[in-house]
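Reading through the structure tokens given below for one structure.
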There are 2 protein chains.
Amino acid sequence: MHSREIFNIVKARRESLNVTQETLAQLSGVALRTLKQFESGKGNPTLQTLQKLGDALGLEVTVIIKNKGIN
Amino acid sequence: MHSREIFNIVKARRESLNVTQETLAQLSGVALRTLKQFESGKGNPTLQTLQKLGDALGLEVTVIIKNKGIN
DNA sequence: GTAAAAAGTGCAGCAAAACGCACTTTTTTA
DNA sequence: TAAAAAAGTGCGTTTTGCTGCACTTTTTAC
């Protein structure tokens, strides 16, 4: 599970845009409390929630599924 | 939201391995009912649930986040 | 150094993801 | 084509992601 890394990217992006958690919450439709959880490294987000954050931050969120090793 | 496509990949993979929904449920730890929902195109999975299915199917599940357009 | 802004946290409630069960429908196979 | 296996569905329960509120801590700006 690499949700920690995902949250870090979201946070970095938000900061690089000079946007507060509160503003991002409003823009994305994800609750401030939820954002705070994510940025402090907790949580198991749904695809929909990730998508909302990505949309608001101008990020393209894609799930890649590929074979592991030889098949 | 491309969860539909993700579910299709999971289903295709399961079928190519000749594994039933029931067996995949056991192997992955995701409930049979939940799998059925997914494969019939419904649901908004968490990263953890996707990961469980990927693990059981020998698939690598990765979330890619990249900039949209010019930044 | 202090006030304001932003970020982090505990707690409780709600909505929905995940689940189990019983049943029906579709597909497979003998 | 009948029986068995697999897949799909309705419904109720449990679990947990998401939320709001109140508060504390940290960071920023004056």
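Since the model is a prediction, treat every value here as computed from it, not as a measurement.
A/A25 and A/A31 get closest at one heavy-atom pair: CB-C, 4.2 Å.
With contacts defined as side-chain heavy-atom distances shorter than 4.5 Å, the pair B/N67/A/L59 qualifies. Here the side chains of B/L53 and B/L35 are in contact, with some heavy-atom distance below 4.5 Å. When side chains are defined from C-beta on, B/K68 counts as touching A/D55, because their heavy atoms get closer than 4.5 Å. Residues A/L47 and B/I6 meet the side-chain proximity criterion, which asks for heavy atoms closer than 4.5 Å.
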Mark up nucleotides 9-21 of chain C, 5' to 3', with B wherever a protein heavy atom is under 4.0 angstrom from a base atom, S wherever such an atom reaches only the sugar-phosphate, and - elsewhere.
BBB-----SSBBB
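Considering B/K11, B/E39, B/R33, B/Q26 in turn, B/E39 is the only one that fulfils the side-chain hydrogen bond (donor to acceptor under 3.5 Å, both in side chains) rule with B/Q21.
Along DNA chain D, the stretch of nucleotides lying under 4.0 Å from any heavy atom of chain A spans, 5' to 3', D/dG17 to D/dC21.
Of the possible polar contacts, one joining the B/R13 side chain to the B/L57 backbone as a donor-acceptor pair under 3.5 Å is found.
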